[in-house]
Amino acid sequence: MSACVPTRADDPSRAERTHESQSPPPTRPRRHRIASADVSASIAVFLIALPLSLGIALATGAPLQAGLVAAAVGGLVAGRLGGAPLQVSGPAAGLTVVTADVIQQYGWRATCAITVVAGVAQLGLGLLRVARGALAVSPAIVHGMLAGIGVTIAVAQLHIVLGGTPHSSVMDNVRELPAQLARLHPAALSVSALTLAALLLWPRLPGRAGRLLRKVPAALVAVAGATVTASLAGLSLPKVDLPSWRSHALAGLPEGPALGLVAAVLTITLVCSVQSLLGAVAVDKLVAARPELSARVGRSDLDRELLGQGASNIVSGALGGLPVAGVAVRTSANVQAGAVSRNSTMLHGVLVVVAALLMVPILEFIPLASLAALVMAVGIQMVSLHHIRTVTRHREVLVYAVTTLGVVFFGVLEGVALGIAMAVAVALHRLTRTRITHDEKEGVHYVQVRGQLTFLAVPRLSRVLHLVPQGVHVVVELDGSFMDHAAYESLQDWQNTHTAHGGSVELTGRRSGVRIGEPTGPAGLQLGGGTAAAEPADCRCHPWTPWRNHQCEIPESVASHDAPTGAAHASGTSDTDGPDEPRDTGASPTGELDTAGGSSGADGPTGSGRRGESRSDASGGADGNRPSAHQLARGISAFQRNTAPLVRSELARLAREGQQPSQLFLTCADSRLVTSMITSSGPGDLFVVRNVGNLVPPPGQESGDDSVAAAIEYAVDVLRVRSITVCGHSGCGAMQALLKSAPGGEQTPLRRWLRHGRPSLERMSDESRPWARLAGRAPADPVEQLSLTNVVQQLEHLRAHESVARALRAGALELHGMYFHVGEAQAYLLTEGSTDKVFDHVGVADLSA
């Protein structure tokens, strides 16, 4: 744990107790040691890599030993030289189709030579430092390429599963499938079915025993189980044949047309490089979820990774191995098994070498049908439903489909080229396709612009805008992310003309920050995020904070201008001002500016207010002079217009099905804690209980206030939540009051409630207990220390409640402690299984996963 800084400078004994030496004294020579976590992770990866390497070699038509060579070289060479320390390299399913085509055309020895040349090309790319450029390829193309390769693999291996022999192309395999079904081989089919059943069921074993058994990789269990069953049953099946290493074929000079050889080299280089670089980026995301690991491993060096992969392919090809690339399945297993350095990858390579030299008699018992079923399952998994949903959500399903079909019917390089062409065509289509409509409802004219507003759309925009009568209220809805200079000037000129003739214009968009009313404009305008009504020119609401629309910082010079009056303008309803009654153009009667999400006035006579502050006077006005009821009405109006249409269907579903939250979130009533925002949750996700100080009264001490206990009982026994989180925060007023409270005094309702926090104060004062602390630093002040200690204490109070204790004993509930630093916008979670109560950072996770 990185949090080893003394937390109490005034207590030397406590500082010595919390500080743990992480290394021997500098005067003592340091010996290189391999962490036990790396050893266990290498064994787990080896057990996955061994059957997969044999299966991929079988699928390509290469000698089976070539798969073991590639796995060993990937572990030792790429593991030592690569820039992603935790990425595991070896023969990859994504290279199966490419390698099989090259072997079919040029033979195995020539394929090894082509692999060597591809490795040299990767070294050149790494030296040119172009690794980042490879990531510019659309994810839809990459996912489509992998899906096409997966389909090709699955269709080819299906013939071996059925007891036959695959053909060279997908179409031939599909055409011959009915004939293959007519001549099934029962023994091969039964072994394949057993392998697939084990692959499917092993990760789903229930109970505590299942959790222990699932530590053994499903691939190893499936192949080993099928092998043992086939041997005991005496089934006559083709099995793995590993010839003597003395007769192992090495690389030879390729023969054939130069253009074809160049294409083969480029294809292997492209697929190996892209798959390895994407894998390195994925490793960074996995490591980022473990802050203690990210500080030790660091981010991947993509150019070095490309150099390491190139060196691996040179060595693998020279030794008669398959092409090498980063492999997602083995890499994920490596990280999840707890690897902390590149030693785990290298050790897995050593284990593969040992197995290839000493385990040949055992490996030759494996039926080929079992390996084919394993590789077929991998191919099916490459067609990911998650990827399909992702590209569909981003409207790139056409690019994905074209790439997939291109790979299936024409080949990998051709399919990728078709995918790139389709991606360019889609981008151009989006840029040029803009839909502009005009409608009139209840006297208000609506002009809707769907798509990017560029100079190509200016003629249509002008034609529609001139259909709007003079002197009416117009709402222009901009539904796009970009507006160029020509479109900006055209819209601004029309707006000025329309308002000069007594009309009014309201500019809205799906995102905030649409700024049209400036005297001059940039060459291109980026529209922000959320919906907002006619925002003033100098509103500083940023695109990434649409919920802060009511906290725009307005200079006094702008605030003194006229603005639309009342909540009607902010909510999008029309005013009835006629041409002879000029409409206010910037100020309400209070001299403040309106936006869709509420407002904040100018900073008053002194101008000393800060962004985001809200002040109230004795009359209940917000910002010094605006009634809070008006702000509430504006906020509700903005919700009804902008947010309600987006969430109505989801709320209707929740109304029908009832609430089924997964968490009880118990936090402070502080207005700065927006629970849905800091947990990225939506309607129906959290059952929230808020009170002063996020306190949980122990059972029997509620004294007439059972609200928290009732909420806990309801959440656990009725809603069946799976976790309870107690969340404290920085700058907590309740903790400040606890620190300043003196014994005795008048027992106000607040004092009576805060007595439930006194055990936290006593816990912090207890010298026999280690203080709760933050990872990487000591608490900033006594208030923060008490806030951390209070979370730990309230978790103990939670465990004392009968419903919670019962659910914990049944394993149906988890308790979590959380601390949110408001000023840093940083969340900390209480680490589990540690005697020291340490709140550790919550890193950035892979949200696309």
Side-chain angles (χ1 to χ4, degrees), residues 55-56 59-62 91-106 111 114-115 118 134-159 166-177 260 262-279 322-323 325-329 375-392 394 396-426:
I56 291 171
T60 61
L95 295 164
T96 302
V97 176
V98 178
T99 310
D101 287 343
V102 175
I103 294 174
Q104 181 92 11
Q105 294 183 33
Y106 303 105
T111 300
I114 290 172
T115 302
L135 299 180
V137 180
S138 169
I141 297 175
V142 177
H143 298 328
M145 178 190 73
L146 295 177
I149 292 173
V151 170
T152 306
I153 292 172
V155 173
Q157 297 308 298
L158 181 59
H159 282 269
H167 299 273
S168 58
S169 69
V170 177
M171 294 307 299
D172 290 340
N173 284 321
V174 172
R175 274 195 299 267
E176 294 297 325
L177 193 56
V262 171
V265 170
L266 290 177
T267 303
I268 291 179
T269 303
L270 171 68
V271 178
C272 287
S273 300
V274 171
Q275 183 165 341
S276 300
L277 293 175
L278 291 176
L322 289 169
V327 189
V329 175
V375 177
M376 185 179 74
V378 173
I380 293 172
Q381 291 172 355
M382 292 172 70
V383 187
S384 170
L385 293 178
H386 171 70
H387 292 160
I388 294 175
R389 284 193 294 266
T390 300
V391 298
T392 301
H394 290 90
E396 291 186 330
V397 68
L398 190 59
V399 178
Y400 178 91
V402 168
T403 306
T404 301
L405 295 176
V407 171
V408 169
F409 291 107
F410 302 109
V412 174
L413 196 60
E414 294 86 351
V416 170
L418 287 173
I420 293 174
M422 180 54 64
V424 172
V426 169

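Please read these numbers as outputs of a predicted model, since none were measured by experiment.
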Checking the side chain of Ser276 only, and the main-chain atoms of Gly326 only, is there a donor and an acceptor separated by less than 3.5 Å?
yes

Measure the shortest side-chain to side-chain distance between Val426 and Glu396 over non-hydrogen atoms and say whether it is less than 4.5 angstrom.
no

The side chain to side chain contact (heavy atoms under 4.5 Å, CB included) partner of Leu266 among Leu270, Thr269, Val262 is Val262

Heavy-atom side-chain proximity of Met171 to Val408 below 4.5 angstrom
no

Given Leu177 and His159, is the side-chain contact (heavy atoms from CB on, under 4.5 Å) satisfied, shown in steps?
CA-CA 7 Å; Leu177 193 56; His159 282 269; 4.2 Å; yes

Heavy-atom closest contact (Val375 atom, Ala59 atom, distance)
CG1-CB, 4.0 Å

I need the Leu418 CG to Met145 CE distance, nearest 0.5 Å.
14.0 Å

Closest non-hydrogen atoms of Pro323 and Cys272, given as atom of the first, atom of the second and distance, are CB-SG, 4.2 Å

Do side-chain atoms of Thr60 reach the backbone of Thr96 as a donor and acceptor pair under 3.5 angstrom?
no

Counting N and O atoms only, with roles assigned by atom type, does the side chain of His394 sit under 3.5 Å from a partner on the main chain of Thr390, one being a donor and the other an acceptor?
yes

Any sub-3.5 Å donor-acceptor pair from His143's side-chain atoms to Tyr400's backbone N or O?
no

With a 4.5 Å heavy-atom cut-off, do Ile153 and Val378 have their side chains touching?
no

Quick one: CG on Asn173 to CG on Leu158, what's the gap to the nearest 0.5 Å?
8.5 Å

State, to 0.1 Å, how close Val383 and Ala147 come at their nearest heavy-atom pair, and which atoms those are.
CG2-O, 3.7 Å

Taken to the nearest 0.5 Å, the spacing of Thr404 OG1 from Ile149 CD1 works out to 10.0 Å

Heavy atoms only: give me the nearest Gly419-Val402 pair and the separation to one decimal.
N-CG1, 4.4 Å

Should Ile56 and Leu322 count as side-chain neighbours, where that means a heavy-atom distance under 4.5 Å?
yes

Looking at every non-hydrogen atom in both residues, tell me the closest pair between Gly148 and Val407 and how far apart they are.
C-CG1, 3.7 Å

Heavy atoms, side chains only, cut-off 4.5 Å: are His387 and Val391 in contact?
no

Write down the atom of Ala325, the atom of Leu95, and the distance for their closest heavy-atom approach.
CB-CD1, 3.8 Å

Evaluate the side-chain proximity of Thr403 to Met422: yes if any heavy-atom separation is below 4.5 Å, no if none is.
no

